[in-house]
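First comes the structure, then the notes that go with it.
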Amino acid sequence: MGLGGGMVSKESARNLDIAEDLCNRRKPEQALPYLFKAMEDPNNLDAYVQMAFLMPTIGEGIKLLEKAEADGRAILKRYFSPTCFDDGNEYIGQFWTLLETRPYMRVLQAMVRLAFENKDYNKSAATMIEMLRLCPADNLGQRDWLGSVLLQAGRNADALSFAQVWLDPTRRDPDTCSPPRGGCTFEPPSQATLTKEFIEQTKKRSDESMVYTAALAAFKLWGDCELARQYLRIAAYVNPFVLAKILAKVERPKSLNNTPRSLNSPESAHDYLWLAQNLWMAPDVWEWANSDAEVKSYVLKKCSRRGCNNREVRVAEFKRCAGCKEVVYCGQACQKEDWKSHKPACKARQQSKAMYKAMLFGKSRPHDEDVPIVASTDFTSAGITTNFH
């Protein structure tokens, strides 16, 4: 389906399919002629998105996306209504649900990524805010990024306001399970300390992006206050992998992690650190995070062998299993003794990763794996890649 309801021509769609396949096989140069042909159809905005990631510079990619965004708005206004982007219109809140709007939303998502790569954090944040206005239910997962990008832009109060709205289920629309405007009303954040009940519920239902955003934003606004420490302790509990990397002063990831992941996993920690680790490495922030005993209790790992009570004295002291990278051992003796028990889960994790790599590079899925597949997309320097989980 082309933007604005117009059908993309078969020839344009065919050329885009060929180009995407070449990009997925790490052959972007060969994809270029097919993308130019696909872009001859003005409805094929996905071809512009793919091309934006193959431009010689990020700036040129952004200019191409700006053209696609303007064209997309014009077509949608012709197709739906001249006022379809205005607040109060029947279409606001329904973007992405309406199939005709999806290519336009993908253009915006690509803009978020390239603007961030270009360190234009205000532009990246503004684009996500617009996406959440158009689609408060956040089908494209922009809320996982926005808090960090607001912090990068120095908008600490807005970052905390955004995180607090999403962390409080009572502030969400019961029909959409999302707050008004996707959490982007940016009311003054609350400095009130959290109740014990709220802390326990937040530990059960939250992901690392919101609680780490809340902790850092509260610290930047009000220093070492009780609220900032409450959020920090929740964050360390929810995903200790983030703080383990920060406190060990491990180098920031150079790219996003395109491997299967579960909620609050090492892989999701990797992506959060790609977005925000530099903010946590500021000396005052690092010292604050390193000074909390409860945080350390979550971050310092216990040996994974049942019956061994050894615990790390220093962050990242123990070594992770080289296979699954999800369990740690205090030494080779414990790892060897635990292998029989750990082997099934370790092999299953490795098989899942092998399946993902096979699908990513266009190979057949291994026949001996009974693993459900969920596909998602991400933007890389080689264009759009599809991830199989």
Side-chain angles (χ1 to χ4, degrees), residues 1-82 84-85 91 94-115 117 127 131 134-135 139-140 258 356 358-365 373-388:
M1 179 68 74
L3 186 59
M7 296 298 295
V8 172
S9 69
K10 290 182 179 180
E11 180 66 13
S12 179
R14 185 185 71 84
N15 282 312
L16 179 58
D17 285 343
I18 294 171
E20 289 180 339
D21 178 66
L22 289 167
C23 287
N24 286 336
R25 290 192 284 126
R26 305 295 188 266
K27 298 179 179 179
E29 295 83 4
Q30 296 181 29
L32 289 174
Y34 296 98
L35 283 175
F36 280 120
K37 292 179 181 178
M39 289 167 61
E40 292 175 1
D41 184 340
N43 281 330
N44 199 341
L45 289 192
D46 286 318
Y48 282 82
V49 171
Q50 187 73 266
M51 179 65 83
F53 287 89
L54 302 183
M55 297 297 284
T57 67
I58 294 176
E60 290 176 90
I62 289 173
K63 287 182 179 179
L64 187 63
L65 291 175
E66 287 173 342
K67 179 183 184 306
E69 179 184 0
D71 290 348
R73 287 178 68 92
I75 297 173
L76 285 176
K77 285 181 177 181
R78 288 197 298 268
Y79 183 78
F80 289 120
S81 163
C84 66
F85 284 90
Y91 301 106
Q94 302 301 317
F95 277 59
W96 191 260
T97 301
L98 299 168
L99 295 180
E100 296 87 352
T101 66
R102 291 188 178 185
Y104 176 77
M105 295 296 282
R106 286 192 286 267
V107 169
L108 296 186
Q109 188 179 40
M111 183 70 78
V112 168
R113 175 65 181 272
L114 285 189
E117 294 267 20
T127 305
M131 292 178 72
L134 298 174
C135 180
N139 296 77
L140 289 117
N258 293 322
Y356 159 78
M359 299 293 288
L360 181 61
F361 289 101
K363 299 179 181 179
S364 299
R365 180 188 177 198
I373 299 177
V374 177
S376 64
T377 58
D378 186 32
F379 301 101
T380 73
S381 58
I384 302 173
T385 62
T386 301
N387 301 330
F388 299 90

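Every heavy atom of this structure was used, including side-chain atoms; hydrogens, water molecules and symmetry mates were not. Everything quoted here is computed from the prediction, not taken from an experiment.
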* Full working for side-chain contact (heavy atoms from CB on, under 4.5 Å) between Met55 and Leu114 -> CA-CA 11 Å; Met55 297 297 284; Leu114 285 189; over 6 Å; no
* To do: Assess whether side-chain contact (heavy atoms from CB on, under 4.5 Å) is satisfied between Leu134 and Trp96, documenting all intermediate values.
  => CA-CA 8 Å; Leu134 298 174; Trp96 191 260; over 6 Å; no
* When you look at Leu16 and Leu35, which way does the side-chain contact (heavy atoms from CB on, under 4.5 Å) test go after all the steps? -> CA-CA 6 Å; Leu16 179 58; Leu35 283 175; 3.8 Å; yes
* Check the pair Met111, Ile62 against side-chain contact (heavy atoms from CB on, under 4.5 Å), reporting the backbone distance first and the verdict last. => CA-CA 7 Å; Met111 183 70 78; Ile62 289 173; 3.8 Å; yes
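Contact check for Leu98 versus Phe80: side-chain heavy atoms found under the 4.5 Å cut-off. A 4.5 Å side-chain heavy-atom check between Met131 and Val112 finds at least one atom pair inside the cut-off. Looking at heavy atoms from C-beta onward, Arg102 lies in side-chain contact with Arg106 at the 4.5 angstrom threshold.
The ring-ring contact (aromatic ring centres under 6.0 Å, His included) check on Phe85 picks up Phe95, Tyr104, with sequence neighbours excluded.
In terms of heavy atoms, Ala110 sits closest to Val49 at CB-CG1, 3.8 Å. Considering all non-hydrogen atoms of both residues, Cys135 and Asn139 come closest at SG-OD1, 3.0 Å.
Exactly one of Asp17, Asn43, Asp46, Asn44 qualifies for a side chain to side chain donor-acceptor pair (under 3.5 Å) with Ser12. That residue is Asn44. Checking Leu32, Leu54, Ile18 one by one against Cys23, the side chain to side chain contact (heavy atoms under 4.5 Å, CB included) holds for a single residue, Leu54.
Atoms CG and CE, from Leu45 and Met105 in turn, are 13.0 Å apart once rounded to the nearest 0.5 Å. Between the CZ atom of Phe53 and the CD atom of Glu117 there is a distance of 8.0 Å, given to the nearest 0.5 Å.
No salt bridge links Glu69 with Arg73; every basic N to acidic carboxylate O contact stays at or beyond 4.0 Å. A salt bridge links Glu11 to Arg14: one of the charged nitrogens lies within less than 4.0 Å of a carboxylate oxygen.
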